Structure formats: C-alpha cells, structure tokens
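Scroll down for the structure; my scribbles are underneath it.
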Amino acid sequence: MDMIPRVELTPSAAELVRRLRETHGPLMFHQSGGCCDGSAPMCYPKGEFRTGDSDVLLAELEVDGFDEPVGFWMSRKQYEVWSHTRLIVDVVAGRGSGFSLEAPEGVRFLIRSRVVDA
C-alpha cells in the first residue's frame with residue numbers, strides 16, 4: 001500500500017483559502033508535474049478541474065470556518081517523485097500566471113516540502 005504524504009496549509013494559506021471560499025464556494029487544489037506554474041498548486045472551484053486515473057487524492061484538508069474539506073490532488077507522475085515528502089501549501093506575494101483563483105489577489109500558492117520516512 002502506498003504511503004500518502006501529509007499535506008497541510010500554513011496559517012496564511014488557510015486564511016487565503018477561507019477568503020477564496022467566501023467568493024467561489026467549495027474549493028480544490030491540483031498539483032501537476034508541469035513546468036513553471038504547472039509545478040505550483042492550483043486552486044479551483046471544487047469540480048472545475050477534472051481529475052481522473054492519472055491523479056491521486058492526497059488529502060482532504062480541513063479548514064476552520066467551513067464544513068467541507070478541500071481536496072488536494074496531484075498528478076500520479078508527480079506523486080511518484082514526491083511520495084516521500086510532507087507537502088506544505090504556503091502563500092507568497094507575487095502574481096503567478098494560470099487559472100488559480102488567487103492570481104487576482106497579487107499572491108500565489110506554492111509548495112514547501114520536507115522529506116519524511118517511508
């Protein structure tokens with residue numbers, strides 16, 4: 001059985017998720033294995049990004065302030081590379097490109113990681 005890495009939100013990322021949830025409703029994240037912004041976690045309205053057999057649900061993040069969890073998906077190929085890491089979703093100043101919901105806020109989500117024992 002695969003060990004699934006733990007995914008967590010920093011306090012600043014959780015606060016941004018709460019603000020985005022107020023505007024856009026239930027949310028989800030997807031982390032692809034692409035280059036550039038494709039390597040950043042993208043935040044979408046739940047269900048807007050279609051997942052399939054090439055994706056793995058790593059976590060259902062609990063966020064204070066609302067009932068439903070925020071799914072965190074990763075492409076299976078990216079997961080193979082990052083399977084021994086704990087993923088920490090953070091937010092930093094600077095606008096990324098792409099379709100992630102935080103782009104108009106002048107900030108972007110990014111992943112910080114720590115290697116964990118298998």
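Note that the coordinates shown come from a computational prediction; the quantities given were computed from them, not determined experimentally.
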Got a second to check how far L16's CG is from R108's CZ, nearest 0.5 Å? 13.0 Å
Which heavy atom in E60 sits nearest to a heavy atom in P69, and how many Å separate them? CB-CB, 3.7 Å
What I'd like to find out is whether the side chain of M74 reaches to under 4.5 Å of the side chain of V7, using heavy atoms alone. no
Apply side chain to side chain contact (heavy atoms under 4.5 Å, CB included) to the pair V91 and E102, showing each step before the final yes or no. CA-CA 9 Å; V91 62; E102 81 283 1; 5.5 Å; no
What residues form a salt bridge (charged side-chain N to carboxylate O under 4.0 Å, His left out) with R18, not counting sequence neighbours? E15
Would a distance-only check, ignoring hydrogens and angles, find a side-chain to backbone donor-acceptor pair under 3.5 Å from S113 to L87? no
Measure the OG-CZ distance between S100 and F109 for me, rounded to the nearest 0.5 Å. 6.5 Å
V89/F72 under side chain to side chain contact (heavy atoms under 4.5 Å, CB included): CA gap, chis, key distance, verdict: CA-CA 10 Å; V89 181; F72 189 97; 3.7 Å; yes
Is any side-chain heavy atom of V116 less than 4.5 Å from a side-chain heavy atom of R6? no
Mind checking side-chain hydrogen bond (donor to acceptor under 3.5 Å, both in side chains) for S54 and listing every partner two or more places apart, or none if nothing turns up? none
For L27 and V17, the nearest pair of non-hydrogen atoms, with its separation, is CD1-O, 3.6 Å
In terms of hydrophobic clustering (I, L, V, M, F, W, Y; side-chain heavy atoms under 4.5 Å; direct or indirect links), are M42 and L57 co-clustered? yes
What pair of heavy atoms forms the shortest contact from D90 to S12, and how long is it? OD1-OG, 3.3 Å
State the CG-CH2 distance between L58 and W82, to the nearest 0.5 angstrom. 10.5 Å
Partner residues of E68 under the salt bridge (charged side-chain N to carboxylate O under 4.0 Å, His left out) criterion, sequence neighbours left out: R21
Quick one: list whatever passes side-chain hydrogen bond (donor to acceptor under 3.5 Å, both in side chains) with R19, sequence neighbours left out. none
side-chain hydrogen bond (donor to acceptor under 3.5 Å, both in side chains) filter on D55, not counting sequence neighbours, yields H30
NE2/H24 to OH/Y44 distance, rounded to the nearest 0.5 angstrom? 13.0 Å
Say you draw a straight line from SG of C43 to CD of Q31; how long is it, rounded to the nearest 0.5 Å? 12.5 Å
Spell out, yes or no, whether V70 and I88 are grouped together once hydrophobic residues are joined by side-chain heavy atoms under 4.5 Å, including indirect joins. no
Sequence neighbours left out, what passes salt bridge (charged side-chain N to carboxylate O under 4.0 Å, His left out) with E80? Give chain and number order. none
Under a single-linkage definition using a 4.5 Å side-chain heavy-atom cutoff for Ile, Leu, Val, Met, Phe, Trp and Tyr, are L110 and Y79 assigned to the same hydrophobic cluster? no
Decide side chain to side chain contact (heavy atoms under 4.5 Å, CB included) for F99 and E48; before the verdict, give the C-alpha distance in whole Å, the side-chain angles of both, and the deciding distance to 0.1 Å. CA-CA 11 Å; F99 301 105; E48 184 173 298; 5.8 Å; no
Full working for side chain to side chain contact (heavy atoms under 4.5 Å, CB included) between F49 and W73: CA-CA 10 Å; F49 185 91; W73 295 82; over 6 Å; no
